[in-house]
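Here the structure is laid out as structure tokens; the discussion comes afterwards.
In this chain, residues are counted from 1 in sequence order. These figures come from a predicted structure and were not determined experimentally.
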Amino acid sequence: MAQLWGGRFTKETDQLVYNFNASISFDKKFYKQDMEGSIAHVKMLGKQGILTGQEVEGLVGALKGILHEVEEGTLSISHEYEDIHSFVEAELIRRLGDTGKKLHTGRSRNDQVALDMRMFTRQELLETDGLLKELLHVLLAIMEQNLDTYMPGFTHLQKAQPVTLAHHLGAYFEMFKRDRQRMESIYHRMNYCPLGSGALAGTTYPLDRQYTAELTGFYGPTLNSMDGVSDRDYLIEFLSALSTVMMHLSRFSEEIIIWNSNEYQFVEIDDAYSTGSSIMPQKKNPDIAELVRGKTGRVYGAMVSLLTTMKGIPLAYNKDMQEDKEFAFDAMDTVKGCLALFTGMLSTMKFQKGNMESSAKNGFTNATDAADYLVNHGVPFRDAHGIVGQMVLCCIEKGIAIDELPLEELKDISPVFQEDFYDAVSMETCVRKRLTIGAPGQEAMKQVLALEKEYLGSDWKAGLKEWEVGLLRDV
Ligand code: ARG
């Protein structure tokens, strides 16, 4: 047992209590942020004359050394310590003696952990955004090649109207684009530095919080010290955004599972992204898509867990807040893994265009267009709807498509039918004529593709000079 706070205690902590309380097994995940935050803190203490130049040099050098050794694997983070903060401080004292004991001047673990978690989350958010962008690039490439790949669009999982593969995938492009926009807005809201909030009421040292914030890549300091140590809104927002990413990935996975089924055969998942059965030799299963769908629950779970943890906590810091970490880390890793695998699966997947097209042709997806043809020839829409309904019934009995009914039979149904009917309800016409922006018609889709391309040509992260390098600005 190694802890920072033994002074006022007369008894050793019970081992079970110690174990229950300790967080090192999971907060070691942000060892890098912890040490970067400490380096910034020390530099600021030096600038303010609270530490001497020599002390700053010693502390910064030792912190960089510890960080380097941990990264290299030559120093392992010992679980003997209560948390990562205690481990680093003990290591500093071991190396520097009394100077090491000065690290924690003007700081509490409450503002320290608030800073570490925020820096870690910020890094995760940027990585997740990058993975979303890669997925968007893959989607755009497939869309560009499939403006003329016809397929049925569905409502109620029943064939509804013809669309194209480009159009269908374009819906997901929009979803993942919004997911990135959520990342961006969360970033801007969360990017304020809690360090200097102290335990809850600031400190009596003349800290320069603006300077620490600059060193750690934040826009500025948080404006209320009690909020600074007890705010986890940013993490809840991030988990909520991650849940939405998973919801989108899960819907997409569900479609891929359906499309990959024997009945549909719209796609073939690459062998590298499929798995077999231990008993049925013929099987090639869409396990990756199923796992992405399945893992959605644990990400939602992390969000609900943190919301529940936070809801009864009086200001300011309470130990409940230590529970913000494990599920959140799991959710962050899960989403990054799912995004990377899903993108790989999508980019290697084969689209069975012929099957998609014949499915669209054989499912009366042009029935609305047949009714529109009648309307264009003066028949009121409600009557046209009824007439085409009868035609569909007749076609079902005969086992044919609407445009396979001979003209004489069509004329028996309604005298307005002419030879041009066949062209009016062809798959090509049905799609081509859907020209309003957002619709599947090729001309409309080309305009949208140009916009999506332009969107992918720039990146909101490009303006974030501080964090591109992922480390402290050396001011
Ligand atoms: N492990 C703690 C956490 O994650 C660090 C802060 C401890 N602060 C305290 N007052 N006990 O929240």
Side-chain angles (χ1 to χ4, degrees), residues 129-184 241 244-260 264 266-267 269 289 292-293 338-339 342-357 359-360 363 365-366 368-369 427-460:
D129 183 76
L131 288 165
L132 281 165
K133 192 175 177 190
E134 280 173 37
L135 173 56
L136 287 176
H137 274 295
V138 168
L139 275 171
L140 187 71
I142 304 173
M143 286 163 71
E144 280 175 334
Q145 287 159 20
N146 289 286
L147 284 174
D148 295 314
T149 305
Y150 301 104
M151 65 179 287
F154 297 86
T155 62
H156 314 273
L157 204 52
Q158 306 276 325
K159 293 180 194 177
Q161 290 174 346
V163 294
T164 64
L165 179 58
H167 187 250
H168 194 118
L169 297 187
Y172 285 104
F173 192 100
E174 287 299 299
M175 294 179 228
F176 294 121
K177 188 166 84 179
R178 286 195 297 274
D179 285 335
R180 290 195 69 208
Q181 289 162 350
R182 268 182 276 278
M183 298 296 158
E184 180 180 357
T244 307
V245 170
M246 287 307 292
M247 181 270 289
H248 291 151
L249 283 176
S250 184
R251 291 183 76 178
F252 205 166
S253 294
E254 170 71 6
E255 297 214 293
I256 288 173
I257 293 161
I258 293 171
W259 291 354
N260 188 64
Y264 274 73
F266 281 8
V267 297
I269 298 175
V292 169
R293 188 177 59 183
C338 287
L339 277 170
F342 192 91
T343 302
M345 176 177 71
L346 191 66
S347 64
T348 52
M349 202 161 75
K350 231 175 84 196
F351 292 93
Q352 314 271 40
K353 301 181 187 183
N355 292 346
M356 288 182 165
E357 193 164 328
S359 169
T365 55
N366 53 0
T368 316
D369 297 79
M427 184 87 57
E428 291 74 13
T429 312
C430 290
V431 170
R432 186 169 35 81
K433 283 176 76 177
R434 289 182 153 76
L435 283 175
T436 48
I437 203 76
Q442 285 82 352
E443 289 314 310
M445 276 302 297
K446 278 182 196 158
Q447 289 178 48
V448 169
L449 279 182
L451 291 172
E452 309 293 33
K453 219 171 170 166
E454 192 186 320
Y455 162 75
L456 279 181
S458 62
D459 193 326
W460 69 272

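A donor atom on one side chain and an acceptor atom on the other are not found under 3.5 Å apart for Glu134 and Thr343. Residues Tyr150 and Glu428 bring no donor and acceptor atom of their side chains to less than 3.5 Å of each other.
Below 30°, between 30° and 60°, or above 60°: for Trp259 and Phe266 the angle between ring planes is between 30° and 60°, a tilted geometry. Below 30°, between 30° and 60°, or above 60°: for Tyr455 and Phe173 the angle between ring planes is above 60°, a perpendicular geometry.
Closest approach of Pro162 and Cys430 over heavy atoms only: CG-CB, 3.6 Å. Residues Pro152 and Thr365 share a closest heavy-atom pair of CB-CG2, 4.1 Å. Between Val245 and Phe176, the closest heavy-atom pair is O-CE2, 4.2 Å.
Electrostatic pairing of Arg432 and Glu443 does not count as a salt bridge here, judged by no charged N lying under 4.0 Å from a carboxylate O. Of the charged side-chain nitrogens involved, none lies within less than 4.0 Å of a carboxylate oxygen, so that Arg182 and Asp129 do not count as a salt-bridged pair. Salt bridge present: Asp459 and Arg180 bring a charged side-chain N and a carboxylate O closer than 4.0 Å. A salt bridge is absent between Arg251 and Glu254: the closest approach of a Lys/Arg side-chain nitrogen to an acidic carboxylate oxygen does not fall below 4.0 angstrom.
Contact annotation: the side chain of Ile256 approaches that of Met345 to within less than 4.5 Å [non-hydrogen atoms, C-beta and beyond]. With a 4.5 Å cut-off on side-chain heavy atoms, Leu456 and Glu452 do not count as touching. Put simply, the side chain of Leu157 reaches to within 4.5 Å of the side chain of Ile258, judged on heavy atoms. Residues Met445 and Met143 have side chains in contact (heavy-atom distance under 4.5 Å, counting atoms from C-beta outward). Looking at Thr164 and Asp148, their side chains never come closer than 4.5 Å, going by heavy atoms from C-beta outward. Here the side chains of Val267 and Gln352 are not in contact, with every heavy-atom distance at 4.5 Å or above. Inter-residue side-chain proximity for Leu449 and Glu144 is flagged as met; some heavy-atom pair is nearer than 4.5 Å. Residues Met151 and Ser359 have side chains not in contact (no heavy-atom distance under 4.5 Å, counting atoms from C-beta outward).
A distance-only check finds a donor-acceptor pair linking the side chain of His167 to the backbone of Gly438 [under 3.5 Å].
Remark: Leu131 CG to Lys133 NZ distance equals 12.0 Å, nearest 0.5 Å.
Phe342 and Phe252 have their aromatic ring centers within a separation under 6.0 angstrom.
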